[in-house]
**Student:** 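The structure under discussion is supplied below as structure tokens; questions concerning it will follow.
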There are 2 protein chains.
Amino acid sequence: MSGFKSDQYGTCTFTVKQACPIELTMHIFGGKWKGIILSLLSQSPMYYNAMRREIPGISQRILTLQLRDLENDGIIEREETNDNPKKVLYYLTALGEDFVPILKSIETWGNAYLCKKNEHKRS
Amino acid sequence: MSGFKSDQYGTCTFTVKQACPIELTMHIFGGKWKGIILSLLSQSPMYYNAMRREIPGISQRILTLQLRDLENDGIIEREETNDNPKKVLYYLTALGEDFVPILKSIETWGNAYLCKKNEHKRS
DNA sequence: CGGTATCCAAGTCGATACTG
DNA sequence: CAGTATCGACTTGGATACCG
């Protein structure tokens, strides 16, 4: 992806009219871990450390980065508790909820794809 | 994305079971121009140069690369004519066709997103 | 017409260490 | 607990030139 900040998409000037929102959406959800994050948050709101535990292999830096991206793009929101030390709860916005059905279709397609590939290997 | 070749996904070992096919799918369709390419091919099969004309700003190298990716992942196929000079027709496979409805949902979501963002700017 | 080859810039991820 | 800072590695995309 090439140097776009989310806010710049408002002035997108593609001549292929319908392609632009697709690229935008793929850019928003295309981070390496964003699918996992979204599918976790689609089940219930979740605290930062709970997410880390549910996503083995992700580093603190990367989790924070991806969460910031999603927050800046209006897909999730964060809410700090008053505990000490504080905890931060993440949850989907309405915009994020709207994407969940699409995420499910994507998951379904991916599973079908894996099946077909495995068929190929066996033959 | 991190060094995965498509074929390696068959041995994916994520503990978050459902997240893997999502990441796989986003990886297959996540290239910068793949959305545009797919939405063009969803309308009709298309020759290489016709695609170039319909996607202003893409270079030959990149178009070829993205087409190769999609071909290797089983989303599109190519067919050379016997003309001289030869022409190459690209078209969706069944697997690719299956993704078209999802692409439409993604486009719809993206348009809704752009609307909301523009509302924000005006207020 | 439909590509390759080369070379470079930018983006993205990751490991590690440190902090309020 | 939930980050930030730094630095390095790899991937992706782009400009340009050339080829069968």
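Keep in mind that what you see is a predicted model, and the values were worked out from it rather than measured. Letters A, B, ... are given to chains in the order of the sequence lines, protein chains preceding strands, and every chain is numbered from 1.
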**Student:** Quick one: list whatever passes side-chain hydrogen bond (donor to acceptor under 3.5 Å, both in side chains) with B/Y91, sequence neighbours left out.
**Tutor:** B/E77

**Student:** Nearest to the A/Y48 side chain among C/dG2, C/dC13, D/dA2, which nucleotide is it?
**Tutor:** D/dA2

**Student:** Could you work out, with salt bridge (Lys or Arg N to Asp or Glu O under 4.0 Å) as the rule, every residue matching A/K86, not counting sequence neighbours?
**Tutor:** A/E80

**Student:** Please name all residues satisfying salt bridge (Lys or Arg N to Asp or Glu O under 4.0 Å) with B/E97, sequence neighbours left out, ordered by chain then number.
**Tutor:** none

**Student:** Would you mind reading off the distance between A/L65 atom CG and D/dG3 atom P, rounded to a whole angstrom?
**Tutor:** 11 Å

**Student:** Nearest to the side chain of A/R78, heavy atoms from C-beta on, is which of C/dG3, D/dA2, D/dG13?
**Tutor:** D/dA2

**Student:** If I take atom CD1 in residue B/I55 and atom C1' in nucleotide D/dG14, what distance separates them, rounded to the nearest angstrom?
**Tutor:** 15 Å

**Student:** Which parts of residues 82-93 of chain A get close to DNA chain D, meaning a heavy atom less than 4.0 angstrom away?
**Tutor:** A/P85, A/K86, A/K87, A/V88, A/Y90

**Student:** Going by side-chain hydrogen bond (donor to acceptor under 3.5 Å, both in side chains), name the residues that satisfy it together with B/T81, two or more places apart in sequence or in a different chain.
**Tutor:** B/D83

**Student:** Rounded to whole angstroms, how far apart are CZ on A/R52 and P on D/dG3?
**Tutor:** 11 Å

**Student:** What's in the same ILVMFWY side-chain cluster as B/Y47, cut-off under 4.5 Å, chained through other members?
**Tutor:** B/L89

**Student:** Measure from the side-chain N and O atoms of A/Y90 to the backbone N and O of A/I37, and report whether any donor-acceptor pair falls under 3.5 Å.
**Tutor:** no

**Student:** For D/dT11, take OP1 and OP2 only and decide whether either is under 4.0 Å from a side-chain N or O of A/K32.
**Tutor:** no

**Student:** List for me each residue that meets side-chain contact (heavy atoms from CB on, under 4.5 Å) alongside A/N49, sequence neighbours excluded, and say none if there are none.
**Tutor:** A/R52, A/R53

**Student:** Whole angstrom is fine here: how far is it from CD1 in B/I62 over to C1' in C/dG3?
**Tutor:** 13 Å

**Student:** For A/L63 and C/dC13, give me the distance from atom CG to atom C1', rounded to whole Å.
**Tutor:** 13 Å

**Student:** Distance check needed: C/dT12 P versus A/M26 CE, whole Å only.
**Tutor:** 14 Å

**Student:** Check the phosphate of C/dT12 against B/H27, side-chain N and O only, distance under 4.0 Å to OP1 or OP2. Yes or no?
**Tutor:** no

**Student:** So do the side chains of A/M51 and A/L41 get within less than 4.5 Å of each other, counting heavy atoms only?
**Tutor:** yes

**Student:** Round to the nearest Å and state the distance from B/N49 atom CG to C/dG3 atom P.
**Tutor:** 9 Å

**Student:** Among D/dG13, D/dG14, C/dG14, which nucleotide sits nearest the side chain of B/W33?
**Tutor:** D/dG14

**Student:** Is A/R68 near enough to D/dA2 that one of its side-chain N or O atoms lies under 4.0 angstrom from OP1 or OP2?
**Tutor:** no

**Student:** B/N82: what forms a side-chain contact (heavy atoms from CB on, under 4.5 Å) with it, not counting sequence neighbours?
**Tutor:** none

**Student:** Give a yes or no on whether the backbone of B/V100 and the side-chain of B/S42 come within a donor-acceptor separation of less than 3.5 Å.
**Tutor:** no

**Student:** Compute the bend angle of the helix from C/dC1-D/dG20 to C/dG20-D/dC1 from the end axes (five pairs per end), rounded to 10°.
**Tutor:** 50°

**Student:** Using the 3.5 Å cut-off, write out each protein N or O paired with an N or O of nucleotides 15-19 of chain C and the distance between them.
**Tutor:**
unit_1, atom_1, unit_2, atom_2, d
C/dA15, N6, A/R61, NE, 3.2

**Student:** If a pair satisfies side chain to side chain donor-acceptor pair (under 3.5 Å) and one of its residues is in residues 57-66 of chain A, list it, with sequence neighbours excluded.
**Tutor:** A/Y48-A/T64

**Student:** Without decimals, in angstroms, what is the distance between A/E80 CD and D/dA2 P?
**Tutor:** 10 Å

**Student:** Taking salt bridge (Lys or Arg N to Asp or Glu O under 4.0 Å) as the test, write out the residues that go with B/E79, two or more places apart.
**Tutor:** none

